[in-house]
Every structure is written in structure tokens, then in C-alpha cells.
Amino acid sequence: MKGIKYSVVVAAYNEEESLPLFFSKVVPLFETLGETFEIIITNDGSSDGTEDILAQRCAADKRVKGINFSRNFGQQAALLAGLKESRGDAVIVMDADLQDPPEVALEMIEKYKEGYDIVHGRRKKRPGESVFKKVTARLYYKFIHRISNPKVPENVGDFKLYSRRAVDAILSLPERNRLIRAQAAWVGFRQTFVEFDRPARAVGETKYTLKKMVKLASDGIISNSYYPLYLALKAGILLGVLSAAAFLTFIILAICGVYLPLAAWLFPTVTLLFAIHLTIKGLTDIYTARIYDEVKNRPVYVIKDKFNSNEDD
Ligand code: UDP
Ligand code: MG
């Protein structure tokens, strides 16, 4: 059997209104490419008619594949299941609600043909979204971009194309709490962007509650940066320097004959003690970071390709 060229991977939670529209747009679009393709939908424990719609569609069209979760595990888990199931040479991840315009996937495929392994969809404008969502998303992207290493690109969500080897690299990361878009930055390879304006949802309401957004945001920060763990150390050192400066000033004042009550000396003494405490806590946090790194158990490197490898023999 000929292999599959393109896989479309989608997470769907209570998307009974979106799915028919999604299929009616995406299937004809991929048919125009004249290549084999599959569409993998993970139903993330929906409580509406998503499961029935998916079952009907899968029965009618073998190119559509469905995975039903036993309950709501979250979009990242649903995408992970879809990536694991996918067999395409290239995989396009998109939302079910058509906020990731399917035509943009064609531009991503062009970039893939040029030899890119990861093509990020970068949002230029988000006209269909609330001011709250726009502001929090922008701030979050800026923050995670600043603290992550390697850098997670700004204004980029999960709408991406991955080459097979990029998908395999992501699947080789065993951690439980993932932000796939941050892992995409980590795995390397040749990466590029296509820009798009993010429209409003075709139908229905956002499935991302504030609680889910906070979990996604914190997973992204905690899994991809030790920045929070270094805060105590940085604060400790800064406070230590300030306390030492205060001591020095007091000593100079005393030498110059300025009378300082005993209580005044208490202030830098207390802050210095606190600074010592924070610094020691910061040092133990560095060990925690190391332990976390070991427990996360990411591969130490990802190989792009090899020349004259012994494995070829
Ligand atoms: N989604 C999911 N599980 C969830 C929440 C959302 O699979 O618990 C899916 C949802 O069906 C959609 C995608 O994740 O395909 C993005 O969700 P949504 O459009 O609600 O988020 P927004 O675009 O508002 O950030
Ligand atoms: Mg959406």
C-alpha cells in the first residue's frame, strides 16, 4: 500500500457544530492536492454529539480516523494521541473551529516542499477574539519567548506543519505535561513561518475555560524554563547587595559622627539574614531544576541526519 502523504491532526471538544463545516472545507481542499491524506480527529471526551458525527464520518470515509477519549484530557493530550496515530510524511495540526484557516495549510505544504521540517502559523491579527484573550495571549507569548530556551516563537499556537522526522522527535519526548508548540521549538530542524489573520470561530464558543488557559500557560512556562526556580536566588543576591550597601552607608555615617539608634541597625541585619536564607533556597532550587531535568527525561539530542553512518551497512 502506498504511504500516506499528509495527515491532518485535530483535537475536538464539544465541536458538534464545527465538525461538519470543518470536513466540508478541509476534505475538498486536500483533494485538490492529488496526494493521499488522512484526517485524524481526537474527540477529547465531548459531552455533545461530536462522537456520533465522528463515527458517521469515519464509516463513510476511510480517510477520516477517529479517536475517542474516555473523558476530557485536554487539547494537548488529544493532539499527542493524533500525532501518535498519524502516518503521513507531513502532519498538519489545526483546530476544529476553522480559526486556523485551512488554505494556510497549503502555504505550509509549499514550505515543506522547499525542505522545511516545521512551519509555524503565526497570527498577525486576531479580529474575532475578545480584548481579554488578545491581551493575555500577547503578554503570555512575550513572557514565554523571553524565558524559554530555545526560544518559543511569539504569536504562534499549535497550527503547524511537521515533517515526519519532526513528529517523531516530538513523540520521543516522554514528559507528561506538554505544550507541544514549545516542544516544536526544542526539537530543532529547519523551521519557518507563514503568517495569517486569525478569524473568529466559525460556530460555537471557545472551549478554553480560564482554568484550562491557566493550566496551558503554566505548563508551557514550567516545562520549558527554569526561570521561576532561579527567582529566589536572584532575589537573594539582590537583597544581599542592598543590605550590604545599607550596612556600609550606616558605618560611614557612624564614622562621620552621625548618631544612629540601635533599632536602625536592625533593618539591614534582618534583610541580610533574609537574603542569606533566600540565596540558600535559590541554591537548593538549582538542584531541584537538575532533578526536574533528569525526571523529564528528554533525549539529550536529536539527530537530523548522518553521513556514511555505520547503521547504513
Ligand atoms: N479542545 C480540546 N479539549 C479541550 C479544549 C479544547 O480538544 O479541553 C480543542 C477544541 O475543540 C479546538 C481546539 O482545542 O479544536 C482549540 O480550542 P478553542 O477553539 O476552544 O480555543 P481558542 O481558539 O478559543 O483558544
Ligand atoms: Mg478556537
Side-chain angles (χ1 to χ4, degrees), residues 7-27 39-54 57 64-86 91-102 104-105 120-141 144 152 154-160 176-184 196-220:
S7 303
V8 178
V9 166
V10 179
Y13 177 58
N14 292 344
E15 297 285 8
E16 63 179 4
E17 291 175 297
S18 306
L19 278 185
L21 259 169
F22 178 84
F23 290 126
S24 73
K25 281 252 157 60
V26 174
V27 172
I39 298 176
I40 301 167
I41 312 270
T42 309
N43 165 25
D44 183 15
S46 301
S47 52
D48 68 352
T50 299
E51 185 171 342
D52 294 339
I53 291 172
L54 192 55
R57 194 76 201 198
V64 179
K65 293 154 193 186
I67 302 168
N68 284 313
F69 276 180
S70 60
R71 64 167 172 83
N72 182 235
F73 282 94
Q75 183 207 15
Q76 297 296 303
L79 292 181
L80 181 66
L83 289 176
K84 272 194 186 153
E85 182 69 24
S86 72
V91 179
I92 298 122
V93 172
M94 58 168 84
D95 284 356
D97 58 4
L98 298 173
Q99 279 197 287
D100 299 332
V104 177
H120 307 268
R122 184 154 53 197
R123 301 153 180 185
K124 274 193 300 179
K125 294 199 193 111
R126 312 168 65 121
E129 289 173 310
S130 67
V131 174
F132 176 74
K133 181 98 180 186
K134 279 185 209 166
V135 171
T136 49
R138 181 152 288 243
L139 288 176
Y140 175 65
Y141 283 132
I144 196 164
V152 176
E154 277 184 62
N155 299 323
V156 159
D158 283 312
F159 185 27
K160 289 187 213 304
R176 307 177 62 80
N177 296 306
R178 6 178 126 216
L179 184 67
I180 295 173
R181 64 189 76 161
Q183 295 185 328
F196 71 102
D197 289 334
R198 191 165 204 239
R201 251 183 177 266
V203 277
E205 294 287 311
T206 177
K207 310 299 177 224
Y208 257 95
T209 53
L210 189 61
K211 197 173 152 204
K212 280 183 182 169
M213 256 162 66
V214 170
K215 158 101 172 85
L216 187 79
S218 61
D219 278 352

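Order of appearance sets the numbers: ligands from 1, and atoms from 1 within every ligand. Being a predicted model, the structure only gives us computed values, none of them experimental. Here, residue 1 is the first one in the sequence, and each next residue gets the next number. Just so it is clear, the values below take in all heavy atoms, side chains as well, and ignore hydrogens, waters and symmetry mates.
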Protein heavy atom at shortest distance from atom 17 (O) of ligand 1: Y208 CD1, 3.6 Å
Taking only heavy atoms of E15, which atoms of ligand 1 are found under 4.0 Å from at least one of them? 10 (C), 11 (O), 12 (C), 15 (O)
Could you identify the single nearest non-hydrogen protein atom to atom 19 (O) of ligand 1 and state the distance to 0.1 Å? D97 OD2, 2.7 Å
Within a 6.0 Å radius of atom NZ on K84, are there more than 12 heavy atoms belonging to other residues, nucleotides or ligands? no
Nearest non-hydrogen contact to atom 23 (O) of ligand 1 from the set Q76, K212, Q99, M213 belongs to Q99
Considering all heavy atoms, the nearest N14-S47 contact: OD1-N, 2.7 Å
pair L98-S18: side-chain heavy atoms closer than 4.5 Å: no
Using heavy-atom distances, let me know which of Y13, F73, F69 sits nearest atom 1 (N) of ligand 1. Y13
Can R201 be said to touch ligand 1, with heavy atoms closer than 4.0 Å? yes
R198 to Q99 - nearest heavy-atom pair and separation: CG-O, 3.5 Å
Any K133 heavy atom less than 4.0 Å to ligand 1: yes
CG (L54) and CD1 (I40) are apart, to the nearest 0.5 Å, by 11.5 Å
Exactly one of M94, H120, Q76 should register a side chain to side chain contact (heavy atoms under 4.5 Å, CB included) with D158. Which one does? Q76
Passing candidate, side-chain hydrogen bond (donor to acceptor under 3.5 Å, both in side chains) with N43, options N72, N68, D52, T50: N68
Taking atom NZ of K134 as the centre, report whether more than 12 heavy atoms of other residues, nucleotides or ligands fall under 6.0 Å from it. yes
Among all the protein's non-hydrogen atoms, which is closest to atom 14 (O) of ligand 1, and how far away is it? Q75 CG, 3.3 Å
Contacting atoms of ligand 1, where contact means under 4.0 angstrom from a heavy atom of N72: 3 (N), 4 (C), 8 (O)
Heavy-atom check, side chain of L83 versus side chain of V93, under 4.5 Å: yes
Which of the numbered atoms in ligand 1 are under 4.0 angstrom from any heavy atom belonging to A12? 7 (O), 11 (O)
Thinking salt bridges, do R201 and E17 make one under a 4.0 Å N-O criterion? no
Taking both backbone and side chain into account, is any N, O or S atom of D95 nearer than 2.8 Å to the Mg ion (ligand 2)? no
Supply the atom-to-atom distance D95 CG to Q75 CD, rounded to the nearest 0.5 angstrom. 5.5 Å
Quick check on M94 - does any of its heavy atoms sit under 4.0 Å from an atom of ligand 1? no
Please state which option from T206, T50, D95 has its nearest heavy atom closest to atom 13 (C) of ligand 1. D95
State, with a plain yes or no, whether a side-chain heavy atom of F159 is found less than 4.5 Å away from one of I92. yes
Check whether any N, O or S atom of Q99, backbone or side chain, sits closer than 2.8 Å to the Mg ion (ligand 2). yes
Can you sort out which atoms of ligand 1 are near R198, meaning under 4.0 Å from one of its heavy atoms? 23 (O)
What's the shortest distance from atom 9 (C) of ligand 1 to any protein heavy atom, and which residue and atom give it? A11 O, 3.5 Å
Measure E205 to ligand 1 on non-hydrogen atoms and call it side chain, backbone, both or neither using the 4.0 Å cut-off. neither
Within a distance under 4.0 Å of any heavy atom of A96, pick out the atoms of ligand 1 and give their elements. 15 (O)
Checking one value in my table: which N/O/S atom of D97 lies closest to the Mg ion (ligand 2)? OD2
Give a yes or no on this: more than 12 heavy atoms of other residues, nucleotides or ligands lie within 6.0 Å of atom CD of E51. no
Can you list the atoms of ligand 1 that are under 4.0 Å from a heavy atom of K207? 5 (C), 6 (C), 18 (P), 20 (O)
Which ligand 1 atoms does D44 reach within 4.0 Å, using its non-hydrogen atoms? 2 (C), 3 (N), 4 (C), 7 (O), 8 (O)
